[in-house]
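Have a look at the structure below before the remarks.
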Amino acid sequence: MPRRPETSREDILAAATELARKDGLAKLSIRSVAASSGVSVGTIYNYFPDKDALVTGVVGSFWHDALDPWLSRAGSLGLVEACEELAACLVGSLSEFRGSWIAKSELRRPRREGEAKQGESDLIGQVVEALAASARDDARIDQKKIADVGAHELAKLCWHEVRDDAREGSASCLALAKTIELAFYK
């Protein structure tokens with residue numbers, strides 16, 4: 001009898017992410033992921049010890065799908081453009097992923113909360129560092145003014161503003177853009 005090709009953790013995570021996008025996180029189950037992946041429930045448990053681990057993986061996959069394309073372009077953008085593209089990226093991704101999933105996922109307290117928060121923090125750290133690099137590399141910005149505040153501190157402020165606007169469904173970074181231009185541009 002021919003053997004089935006081995007299913008990887010990434011294959012299972014891709015199937016789970018697709019199901020979550022289609023039906024929402026609340027309806028995600030180990031059985032539905034197994035059926036969608038074409039594997040047994042036991043195979044899912046080989047990679048994900050429980051549903052919390054699977055949901056943590058799906059949320060991490062969402063963040064990477066949403067932010068990795070932006071991260072690959074961020075180095076070539078000025079700070080204002082980086083903020084605007086990041087906002088558009090987040091709003092588009094969040095609306096695709098069933099609108100209010102952020103509020104719902106923040107209310108749940110998974111047993112693997114520390115693991116989920118660490119993965120999220122690592123990715124957000126990459127975003128903040130990319131924004132800081134955009135600030136340092138933007139020829140329109142007076143670097144003496146950036147030195148007073150710190151590129152990293154400015155980048156954290158930008159991330160929080162962009163994230164909060166995206167949560168509200170707004171990709172407009174108008175107030176943030178004008179503030180950056182007035183405070184830091186030559």
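One is the number of the first residue; the rest follow in order along the sequence.
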Between [atom1] on residue [X] and [atom2] on residue [Y], distance to nearest 0.5 Å:
X: E10; Y: Y47; atom1: CD; atom2: OH; result: 8.5 Å
X: W63; Y: D68; atom1: CH2; atom2: CG; result: 12.0 Å
X: T7; Y: I12; atom1: OG1; atom2: CD1; result: 6.0 Å
X: H152; Y: R136; atom1: NE2; atom2: CZ; result: 9.5 Å
X: R167; Y: L90; atom1: CZ; atom2: CG; result: 10.0 Å
X: D165; Y: H160; atom1: CG; atom2: NE2; result: 13.0 Å

Are V127 and W70 close enough, and set up right, to give a side chain to side chain contact (heavy atoms under 4.5 Å, CB included), and what steps lead you there?
CA-CA 9 Å; V127 170; W70 177 83; 3.8 Å; yes
Stepwise side chain to side chain contact (heavy atoms under 4.5 Å, CB included) check, T17 with H64:
CA-CA 11 Å; T17 300; H64 279 284; over 6 Å; no
Is there a donor-acceptor pair under 3.5 Å between the side chain of [X] and the backbone N or O of [Y]?
X: S72; Y: P69; result: yes
X: S134; Y: L77; result: yes
X: E84; Y: A171; result: no

Can you give me the closest heavy-atom contact between [X] and [Y], atom names plus distance?
X: D65; Y: R21; answer: OD2-NH2, 3.2 Å
X: L79; Y: L154; answer: CD2-CD2, 3.6 Å
X: Y185; Y: V80; answer: OH-CG2, 3.3 Å
X: L19; Y: S36; answer: CD1-CB, 3.8 Å
X: A16; Y: L54; answer: CB-CD1, 3.8 Å

Residues 24-34 side chain polar contacts: donor-acceptor under 3.5 Å, at least two apart:
unit_1 : atom_1 : unit_2 : atom_2 : d
S29    : OG     : S32    : N      : 3.0
S29    : OG     : S32    : OG     : 3.0
S32    : OG     : S29    : N      : 3.2
S32    : OG     : S29    : O      : 2.9

Just distance, no hydrogens or angles: give the donor-acceptor pairs under 3.5 Å from side chains in residues 176-184, sequence neighbours left out.
unit_1 : atom_1 : unit_2 : atom_2 : d
K178   : NZ     : E181   : OE1    : 3.4
T179   : OG1    : A175   : O      : 2.7

Do we see a donor-acceptor contact under 3.5 Å between the side chains of D11 and S8?
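There is such a pair between these side chains.
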Should D142 and K144 count as an ion pair when the cut-off is N to O under 4.0 Å?
no
Working for side chain to side chain contact (heavy atoms under 4.5 Å, CB included), residues C173 and V162
CA-CA 7 Å; C173 290; V162 168; 3.9 Å; yes
Would L131 and C83 count as a side chain to side chain contact (heavy atoms under 4.5 Å, CB included) here? Give the steps.
CA-CA 8 Å; L131 288 168; C83 289; 4.1 Å; yes
